[in-house]
Amino acid sequence: MCEKKSNHIQVTDEWLYKYMPVVDEAIIRSLEMATEGTYSFSRSHERNMRRVIFRERYGLFWQSTGILKRIAALFVGVIGAFSLVTFGVEAFRMIYYGTFVEEYEDHVVKTFEVYEDAPFVPCEPEYIPEGYELVESGKSVVDIYFSFKNGDGKWLLLSQTKALNTTTYAINSEYDYQEEMQIFDEIVKVDAYNSGQKYIFYEYGNCIFEVDADALTLEEIEKVFENWIK
Amino acid sequence: MIFLMVIDEPEEKRKFVQIYEKYRYLVYRVAWDVLRDPHLAEDALQEAFWKIAVNMDKLGEIEELATKRYIITVAKCAAIDIYRKRKRQMKEEIYVDELSSVAEPCSYMETDVDNAVLDILKKLPVKYRDVFLLKYSSNMENGEIAQLLGITEETVRKRISRGKVMVQEALDKMEEM
């Protein structure tokens, strides 16, 4: 109970519940007023966070406008499925789904059309570079992810997602340069940044495998894939 | 991309995006106040939003006071973690209380107590004030506060108890004058 005798204030929980929100509101308001919304985040930071936020923002945009600005549209998956002139990994993938790729000014959109449904078989990585420890992992009926971090605060993110008709990827195409690496018998593009960050989008079976590494070499990433995808 | 993968519901994903776009400068400011280095502050910002992403269920409406307080606290904790790691690397001991908080003068909404009384609460040492704000403004349980600040529940209880004594002593002293 809040008691006040003469001018004496008794500090009780009730008194604090009444007045701490007033203090809180004042502190936050003064902090907000002191915050400039004009700071320019570094390019590497914006790129990191855009890769995080990007997909969802553009997802909302498509849903709300239905109008897309297009530079070029490539229907790689459909062509691959109907022609089936390549065998091996490419034809194996095409059995399950086709990939539609649309290029925009600063990003690429990938959507999928599933031809044959197959169960999602999650793969757990069996090789992780030295110094990295598991921070978080999660699993659903259509995806599984792992996040690792080393002592220098560098992240290694792995995710495996089943391709569905409703799956959409929006991938930032403002990388600094591209490299190539081999996964099984396929040459795969690596989106690379001057900071050392690398991103790989790899399709295998009925799934999409992504690797997002702050500071790994191509050799280490290849070894991760070799010991991950079954 | 991993931030959004830890958030299950599409609505929560959208909320996370909105929270990021609305509060990133505020989070950066809080981190910079601790670290005084733009690159480290950006690192703290990423850590903070990671923690926010995995704790979306603890957030209410985007504009709510409790939401803002939670985000600010997560930002400060992320910055302090980086600060401590660097100081350990430099073999120096630091104490959280030594880190300055925003010392901007603030004006309060009209209440039935003097501003001098509210200033006593505002000027509590940071480690007590943060616990008070989370418990008595954000209505968090002691266990939740302990988890957020990375301390034990016993420490939370002690800080509440000692903080109340400090406030009472300051009020008694003010009344004598």
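Because only heavy atoms are used, hydrogens play no part in the values below, and waters and symmetry mates are left out as well, while side chains stay in. All chains are named by letter (A, B, ...) in the order of the sequence lines, taking the proteins before the strands, and each is independently numbered beginning at 1.
Aromatic rings of F41(A) and Y28(B) (six-membered ring for Trp) have centroids within the 6.0 Å cut-off, being under it.
Annotation for E133(A): atom CD does not count as buried by contact number, only 12 or fewer foreign heavy atoms lying within 6.0 Å. Around NZ of K58(B), the count of heavy atoms belonging to other residues, nucleotides or ligands within 6.0 Å exceeds 12. Shown here is E222(A), whose CD atom has more than 12 heavy atoms of other residues, nucleotides or ligands within 6.0 Å. Few gaps surround CD on E179(A); more than 12 heavy atoms of other groups in view lie less than 6.0 Å from it.
With values rounded to the nearest 0.5 angstrom, L26(B) atom CG is found 6.0 Å from E32(A) atom CD. Considering OG of S137(B) and CD1 of I27(A), their distance stands at 9.0 Å, rounded to 0.5 Å. We find the CG-CG distance between D24(A) and L121(B) to be 11.0 Å, quoted to the nearest 0.5 Å. Here the CG atom belonging to D33(B) is positioned 7.0 Å from the CG atom belonging to L31(A), to the nearest 0.5 angstrom.
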| request: Go through K135(B) and Y17(A) one step at a time and tell me if the side chain to side chain contact (heavy atoms under 4.5 Å, CB included) criterion holds. | output: CA-CA 8 Å; K135(B) 183 171 179 72; Y17(A) 276 119; 4.2 Å; yes

*asked:* Set out, in order, the CA-CA distance, both residues' side-chain angles and the distance that settles side chain to side chain contact (heavy atoms under 4.5 Å, CB included) for L171(B) and H8(A), then state yes or no.
replied: CA-CA 8 Å; L171(B) 286 171; H8(A) 181 69; over 6 Å; no

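Nearest heavy atom pair, residue V11(A) against residue Q168(B), reads N-OE1, 2.8 Å. Of all heavy-atom pairs between S147(A) and W50(B), the closest is OG-CH2, 3.7 Å. Considering all non-hydrogen atoms of both residues, V167(B) and W15(A) come closest at CG1-CZ3, 4.3 Å. Across all non-hydrogen atoms, the minimal contact from E175(B) to I9(A) is OE2-N, 3.0 Å.
With chain A as the partner, the residue from R69(B), M174(B), K68(B) showing the most heavy-atom pairs under 4.5 Å is R69(B).
Of the atoms belonging to L45(B), it is side-chain heavy atoms, and not backbone ones, that fall under 4.5 Å from chain A. Proximity to chain A (any heavy atom under 4.5 Å) is restricted, for V30(B), to the side chain, taken from C-beta onward. Looking at K149(A), the atoms closer than 4.5 Å to chain B (heavy atoms on both sides) all sit in the side chain, from C-beta outward. Both the backbone and the side chain of L118(B) come within contact range of chain A, judged by heavy atoms closer than 4.5 Å. Looking at D172(B), only its side chain comes within 4.5 Å of chain A, counting heavy atoms on both sides.
The residue from R29(B), R24(B), E42(B) that alone fulfils the side chain to side chain donor-acceptor pair (under 3.5 Å) condition with Y39(A) is E42(B).
Between K164(B) and D13(A), at least one side-chain nitrogen of the basic residue sits less than 4.0 Å from a carboxylate oxygen of the acidic one, meeting the salt-bridge criterion.
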